[in-house]
Amino acid sequence: MTLFVEPPSSAEYDGDHRAPAAGEPHQRTKNVKAIELPKAYDPKDFEDRIYAMWKDGGHFEPKDNGEGKDPFVIVIPPPNVTGVLHMGHGLNNSLQDILIRYWRMKGRPTLWVPGTDHAGIATQNVVERRLKEKGLGRHDLGREKFLEETWKVKEEHHGIITKQLEKIGASCDWSRERFTMDEGLSEAVREVFVTLYERDLLYKGEYLVNWCPSCGTALADDEVDHEEKTGGLWEIRYPLSDGSGELVVATTRPETMFGDSAVAVHPEDDRYKHLIGKTVRLPLCGRDVPVIADAYVDREFGTGCLKITPAHDPNDFEIGNRHKLERISVMNGDGTMSAATPEFIQGMKAKDARKRTVEELEAQGFLVSHKEHVHQVGHCYRCSTVVEPYLSDQWFVRMQPLAEKALAAWRKGDITFYPKKWENTYRHWLENIRDWCISRQIWWGHRIPAWTCASCGELHVERQDPTQCKKCGSEELRRDPDVLDTWFSSWLWPFSTLGWPEKTPDLSKFYPTTSLVTGYDIIFFWVARMIMAGLEFMGEVPFKDIYITGLVRDKKGRKMSKSLGNGIDPLDVVDTYGADAMKFTLAYLSAQGEDIPMDMDTTKIGSKFANKIWNATRFILMNLEGRQLGDAKTCEKSLADRWILHRLNEAVKTVASAMDAYRFDEMSHAVYEFFWNDYCDWYVECAKGGLYGDDEAEKDRTATMLIAVLEEALRLMHPFLPFITEEIWSKLPGTREALIGTSYPEADSSREDAAAEAAFKTLSDLVRGVRTLRSEFTIAPAKQVKVRVECTSEGKGVMDGSESIAAMLVRSDDFAFLEEGESTDGSLAVVIPGYTVHVFIKDLIDVDAALARFRKSLDKTLKLIEGKKKKLSNENFVSRAPEDIIAKEKAALAEMEDTAQRSAAYLTALEG
RNA sequence: GGGCGGAUAGCUCAGCUGGUUAGAGUACCGGUCUUACACACCGGUGGUCCAGGGUUCGAAUCCCUGUCCGCCCACCA
């Protein structure tokens, strides 16, 4: 394992900024020219240029370096071509890009397949809305012309979406881009439809579907949003046909009474038992319907009598099936009352018809009561129109057999959700699966490959368009006018994009894919169905890991929505702060897939971090002039060097484990803390000592190490902030290949250095202690102070060699170890484990205040000591707690007692 | 009606298989333009970890009960 990157031999990337000095084959060992970075970090200066460099350089295509590593593959959740990307896309594409870049650098053949979804109803609605502005409907144009218009909209939006993904920095392989309605995917859809039909997993039947009168199409169950609404509950008198009495039914929808086929009562309801088998006469239309018994009826609700309208209520539909009742549709496809209703409401919308019917019932004395009633009302998820249960001929997929396989695969551990909690959601849905209505009465989408013979009615479902009826030979075949639900192509996405049903090299190499990154709102719509399709048609799950992201919300925790106007546009974010800032911020905030509250300002987290990286680099580059850079692997190491390498190694390990667990917050925190707190705040500060001195060799050595650690830090951070790291990388001395294509840092046990960690902690404790003292007594930062360090037996040697650095960091022009017998008069002490640090500032401060402060901190320590002692004298603890814990407690106690003792002694001396 | 999740500093949240003196960012207070960064640096204030019970030597962490919030699913006319 190499310690640092080898200086690359050839310039693969020659940016337009850094000019390597002519004729310098290996700048590492030569005098370095001053390299200037623009003073301000401005992502606009380079993000577009770098993206083009990556793309044109073929860096997004999978590379097989022959190491036999497993490919890492993601298929993008295809954005709809209805519009532009929103923050949710910003989030999931940023996270996908982090995974992709990480594994690419790790050497796996890495592929990210981009693409877009035709989004059936949604896109059709966009086009219809445009037509409406011109006063036109889709039928004015006709199917063909309408589709032409829709393709135009698709092209328009597709271009925008692609551009946006590039802006975000998504490193997907554009040479493999797909669209759900392109030729290959359409073939996959057809193959699947026919295969399902052949396997008896597909059927056509009259069924009560969710109907959107505005879109004019059936909707799947999940495409209906339920909302609580206050409506009415009416009780209506249904007289018995024989005039011997009446039944009172309760209904929320009086206008559907003309479609009633029965009145049901509970079979054991003593009030009505004797009426079962008789008939009642429907008011206003005079039709006789039977009184039937069905256990579904709740005796407690309303009057205990339920009017049965099989064509307009899902439950009634079921009951109707059980009792073989007639289905009478009282509504047309556009939501108006049909010819099956009395003339006074024909052609009216349901709402008006309801009012009119109630008036009529009241006028004729059939209305018993009316009260308000709160219930769930379904709305179309695309256009929010109230959805009607509607009787029609539709195609369905039999889901039960598919769901069983999907459940089995999960139980076997073939798929894993991150975070795990979503597995419940997945399981619950699959265990309660219903058949999937896949036909849609719109034009934009995959046309159903089914033909009916006009003369004999034979149904043909085929791979090739039939020309002749296979039963009667008639050439008059009528194709089903409907198209498929948009998800019917989406559920094939992981293999259709790789070429299926063809047996392409990509398919065999990259299927199954590795990870899926998506939001929890489409676990049912999409994730579960992809798993079912993958198992059914490929015999294997489509991906192994499913990372479910949270939802990006506004600062108040509300969903971002157009109507609230509280959304932020990822492109605005990129424009203001840069793609790196957005990506880093989102990852940083992605805790366990929890929702992410953010606004424009939140992005400063990433933006400030990028700025920090920029400036740290600028500082280092400023100090390179004339330096002879050596080999960081072999050069002598200072304490700070050993410490930073140890810290770097820890960060590398944390990122690796966080990456395996899809903990984006953890990995980004790790790189953030390493670079900012360790590298900038301490390491670079320490390096200033070496850099500003007179020792040329030490200057060279310091610069060598600074650059070497920076280089590796850039590689470490690249997946999270790809643009700025690439830009900076290209400016470092030495010609080099693009960062995107280099290797990712690996954990290196030879860098583990507990001694350096401990020694550096002592150093930083000392520095912090003195700084706190200075700050509390407002000693001017520029004021140099005298310091004498007295060490205890434990402290011996730990600080040796760090004196000059410590002196610089605490601003002391007279810093030394305390000589035997040397006076400490005029000093105040900072007591840390191993050392008592005497700071000679007594004449500069209020001694009483200092004493009070000292006493306060001592009291705190004493209290802790008391607690620890109590714990350690507890029989139960000592006998039951594990040994290492006890040892740890003892050590902590000893250390505290030592400092407390020295503090107390010091305090006494000070007071005396 | 069923299921899931959340409640930790003023705010937004980490705290993973129980062992810290409970952390970060931000806000706040004080000080610094210290030859990279004021998008910065240095220091500081701030917490009955929702309530109550239990398990344990030890609970923010595990279990139970309750309260409050959020989400998903569900056909009560």
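Since this is a predicted model, take the numbers as computed values, not measurements. In what follows, every chain begins at residue 1, and chains take the letters A, B, ... in the order their sequences are listed.
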- Is the ring centre of A:Y207 less than 6.0 Å from the ring centre of A:F317? yes
[N] OP1/OP2 closer than 4.0 Å to side-chain N/O of [X]:
X	N	value
A:K608	B:rU26	yes
A:R663	B:rG15	yes
A:H373	B:rA77	yes
A:K421	B:rG6	no
A:K39	B:rC37	yes
A:Y692	B:rA36	yes

Assign [X] to base, sugar-phosphate, or nothing according to its heavy-atom contacts below 4.0 angstrom with the strands shown.
X	value
A:C680	base
A:K688	base
A:R434	sugar-phosphate
A:E666	base
A:R253	nothing
A:K868	sugar-phosphate
A:N315	base
A:F609	nothing
A:S607	base
A:T778	nothing
A:P314	nothing
A:W676	sugar-phosphate
A:A782	nothing
A:H669	nothing

Can you tell me how far [atom1] in [N] sits from the matching atom in [M], rounded to whole Å?
N	M	atom1	value
B:rG10	B:rU45	C1'	12 Å
B:rA14	B:rG54	P	29 Å
B:rU17	B:rC13	C1'	22 Å
B:rC49	B:rG6	C1'	14 Å
B:rC4	B:rC76	C1'	24 Å
B:rG23	B:rA60	C1'	12 Å
B:rU65	B:rG70	P	22 Å
B:rU8	B:rU35	C1'	44 Å

Please tell me if the side chains of [X] and [Y] come closer than 4.5 Å, counting only heavy atoms from C-beta onward.
X	Y	answer
A:R811	A:R774	yes
A:F584	A:T603	no
A:R427	A:N432	no

Quickly work out the [X] [atom1] to [N] [atom2] distance and round it to whole Å.
X	N	atom1	atom2	value
A:Y672	B:rG25	OH	P	6 Å
A:E673	B:rG25	CD	P	8 Å
A:I885	B:rU56	CD1	P	19 Å
A:I433	B:rA74	CD1	C1'	15 Å
A:Y296	B:rC76	OH	P	8 Å
A:N432	B:rC4	CG	P	13 Å
A:L858	B:rU21	CG	P	18 Å
A:L551	B:rG6	CG	P	17 Å

Going by atom types only, do A:T602 and A:D599 share a side-chain donor-acceptor pair under 3.5 Å? yes
Does the side chain of A:K307 come under 3.5 Å of the side chain of A:T309 through a donor N or O and an acceptor N or O?
yes
Checking A:S590 against A:Y547 for the side-chain contact (heavy atoms from CB on, under 4.5 Å) test, could you report, in this order, the C-alpha distance in whole Å, the side-chain angles of both residues, the deciding distance, and whether it holds? CA-CA 11 Å; A:S590 284; A:Y547 179 76; 4.1 Å; yes
What is the base-pairing partner of [N], counting Watson-Crick and G-U wobble geometry with both distances under 3.5 Å?
N	answer
B:rC37	none
B:rA7	B:rU67
B:rA24	B:rU12
B:rG1	B:rC73
B:rG30	B:rC42

Per nearest nucleotide of RNA chain B, the residue lying toward the 5' end, A:K856 or A:V684, is A:V684
Residue pair A:E895/A:D313 against RNA chain B: nearer the 5' end by closest nucleotide is A:E895
Taking only the side-chain heavy atoms of [X] (C-beta and beyond), determine which of [options] contains the nearest atom.
X	options	value
A:M896	B:rG19, B:rA36, B:rU21	B:rU21
A:S775	B:rA77, B:rG30, B:rA36	B:rG30
A:T251	B:rA77, B:rC13, B:rU32	B:rA77
A:N611	B:rC76, B:rC37, B:rC41	B:rC37
A:F524	B:rA36, B:rC73, B:rC42	B:rC73

Any N or O donor-acceptor pair under 3.5 Å from the base of [N] to the side chain of [X]?
X	N	value
A:E685	B:rA36	yes
A:K604	B:rC39	no
A:Y520	B:rC72	no

>> Donor-acceptor pair, distance only, cut-off 3.5 Å: does the side chain of A:D313 make one with the backbone of A:D316?
In response: yes
All heavy atoms of A:P833 vs all of A:T899, minimum pair found to be N-CG2, 3.7 Å
| field | Mutual orientation of the aromatic rings belonging to A:Y679 and A:F674 [parallel < 30°, tilted 30-60°, perpendicular > 60°] | value | tilted
